[in-house]
Amino acid sequence: DLQRGKYFEEFEVGMSFTSPGRTVTESDIVSFAGLSGDFTQIHTDVEFSQGTVVGQRVAHGLLGLAIVSGLAVRTGVLEGTVIAFREIVDWKFVKPIFIGDTVHVVQKVLEVKPLPRLGGGAVNIELRLINQHDDVVMKGVWKVLVASSPE
């Protein structure tokens, strides 16, 4: 049985899952700039970024969002049971992510809604990306569709 994740019926409001950490590197930012085509100076130009409010290069907000997704997957909670990533219900970019920051994700189940016609249900999950100083750098709510347990 390859299913490691939780089936819809196993999710309960209030459950929490914490991911491993990951250090954001200069290579991550350069690679994401190339992938996305976003070479905005605050991300890619050391001299320019030194003159900004934050004083250094920062990771792209959408790179942070992608890292959240990857770290959430690393918890294994949805491995083999997720049907679809349905919606970003809410998202806020709270603080900058700098090169060298080590971040992890804390997920908390907010709501579960059975959707029998889809063979599972919707789970609303709050996600918080937290750096090594215990600062929340991003947060929001995602809706995922999760398979029901086989009969």
Side-chain angles (χ1 to χ4, degrees), residues 1-40 42-44 53-54 57-151:
D1 186 7
L2 294 177
Q3 177 268 330
R4 278 190 33 208
K6 295 193 175 302
Y7 288 111
F8 173 73
E9 294 78 9
E10 297 175 275
F11 282 93
E12 295 175 20
V13 172
M15 280 181 142
S16 185
F17 312 99
T18 301
S19 79
R22 179 194 195 290
T23 301
V24 178
T25 66
E26 179 178 25
S27 178
D28 292 330
I29 293 170
V30 171
S31 296
F32 189 82
L35 180 66
S36 66
D38 180 350
F39 289 91
T40 305
I42 188 72
H43 308 304
T44 60
V53 173
V54 291
R57 286 173 293 165
V58 300
H60 302 70
L62 294 178
L63 170 57
L65 190 64
I67 288 171
V68 170
S69 176
L71 288 173
V73 165
R74 288 191 61 197
T75 65
V77 171
L78 295 172
E79 189 170 320
T81 58
V82 67
I83 297 170
F85 178 7
R86 180 70 177 91
E87 183 179 353
I88 296 175
V89 179
D90 178 49
W91 199 254
K92 183 168 176 74
F93 302 95
V94 181
K95 291 187 172 188
I97 300 170
F98 300 112
I99 294 167
D101 279 357
T102 297
V103 294
H104 69 278
V105 173
V106 175
Q107 303 171 80
K108 183 178 174 187
V109 178
L110 298 182
E111 185 182 346
V112 293
K113 179 183 176 188
L115 297 168
R117 65 186 169 79
L118 295 179
V123 180
N124 280 18
I125 301 172
E126 174 195 69
L127 299 100
R128 290 180 296 135
L129 185 65
I130 300 168
N131 69 15
Q132 70 276 14
H133 306 296
D134 243 7
D135 296 327
V136 174
V137 294
M138 295 185 174
K139 64 181 180 179
V141 178
W142 293 0
K143 180 179 292 187
V144 293
L145 301 181
V146 182
S148 280
S149 178
E151 295 305 322

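Quick note: residue numbers are just sequence positions, from 1.
With rounding to the nearest 0.5 angstrom, the OH atom of Tyr7 is 10.0 Å from the OG atom of Ser148. We find the CG-CZ distance between Leu145 and Phe8 to be 10.0 Å, quoted to the nearest 0.5 Å. Considering CG of Asp90 and CH2 of Trp142, their distance stands at 12.5 Å, rounded to 0.5 Å. Of the inter-residue distances, the one linking Gln107 atom CD with Thr18 atom OG1 reads 8.5 Å to the nearest 0.5 angstrom. Note that OG1 of Thr102 and CD1 of Ile130 are 13.5 Å apart. Values are rounded to the nearest 0.5 Å. Expressed to the nearest 0.5 Å, how far NZ of Lys139 lies from NZ of Lys95 amounts to 11.0 Å.
The ring-ring contact (aromatic ring centres under 6.0 Å, His included) test applied to His43 returns His60, not counting sequence neighbours.
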Derivation of the side-chain contact (heavy atoms from CB on, under 4.5 Å) call for Val106 and Ser16 | CA-CA 7 Å; Val106 175; Ser16 185; 3.8 Å; yes

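Inter-residue side-chain proximity for Val58 and Phe98 is flagged as met; some heavy-atom pair is nearer than 4.5 Å. A heavy-atom distance below 4.5 Å is found between the side chains of Phe32 and Leu62. Counting heavy atoms from C-beta on, the side chains of Leu110 and Val13 never come closer than 4.5 Å. Taking the side chain as every heavy atom from C-beta outward, Phe17 and Leu78 never approach each other to under 4.5 Å.
A salt bridge is absent between Glu111 and Lys143: the closest approach of a Lys/Arg side-chain nitrogen to an acidic carboxylate oxygen does not fall below 4.0 angstrom. Between Glu126 and Arg128 there is a salt bridge, with a side-chain nitrogen of the basic residue lying less than 4.0 Å from a carboxylate oxygen of the acidic one.
Nearest approach of Val54 to Pro96, heavy atoms of both residues: CG1-CG, 3.9 Å.
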